[in-house]
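Start at 1 and go down the list; that is how both ligands and their atoms are numbered. These numbers come from the heavy atoms of this one structure, side chains and all, not from hydrogens, waters or symmetry mates.
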Amino acid sequence: MEFKKCTNCDDWHFDNEACSPAYIVTQCDTGISTKVRGVSHWHAARFYGIKTWHYIENSHALVGQKMTVDVMDERGESERYILSVEFCANKVEQDKTIPI
Ligand SMILES: [Zn+2]
């Protein structure tokens, strides 16, 4: 059992694991479709957002980034999501002086 980049789906998973299902993510603004693998519509939508925004290093450029996407699974079932940077990974400032 080896954790590696799969030559079939281009994703990282164990070599004895099945590839995650493919989803077609379409940006509603541009109509551009991208194939994304994930375990659910939501997961695929979120992963698409991360892939789209991860190269932005200027935090000001990231603020307020939003896009609407349609996520379609292999059976043709479609769900719509609004992606925002804030939902992708919203860091919470913790006061570590207060014991939990
Ligand atoms: Zn795979």
Practice item. Could you walk me through whether Ile82 and Met67 pass side chain to side chain contact (heavy atoms under 4.5 Å, CB included), step by step? Key: CA-CA 6 Å; Ile82 295 169; Met67 62 181 155; over 6 Å; no
Revision key, fill the gap. Closest non-hydrogen contact found for His43 with Gly38 is ND1-CA, 3.2 Å
For a quick test of your reading: what N or O donor-acceptor pairs under 3.5 Å do the side chains of residues 18-26 make, sequence neighbours left out?
residue, atom, partner, partner atom, Å
Thr26, OG1, Ser33, OG, 2.9

Exercise for review: Only pairs at least two apart or in different chains count here, so list each ring pair (Phe, Tyr, Trp, His ring centres under 6.0 Å) that has a residue in residues 58-80.
Suggested key: none
Review point. Run the side chain to side chain contact (heavy atoms under 4.5 Å, CB included) check on Gln65 and Thr52 step by step: do they pass?
Key: CA-CA 11 Å; Gln65 288 278 358; Thr52 306; over 6 Å; no
Practice item. Sorted by first residue and then second, give each side chain to side chain donor-acceptor pair (under 3.5 Å) pair with at least one member in residues 3-19; sequence neighbours left out. Key: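 For residues 3-19: none.
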Study note, to complete from the structure: Within the 2.8 Å cut-off the protein N, O or S neighbours of the Zn ion (ligand 1) are Cys6 SG, Cys9 SG, His13 NE2, Cys19 SG
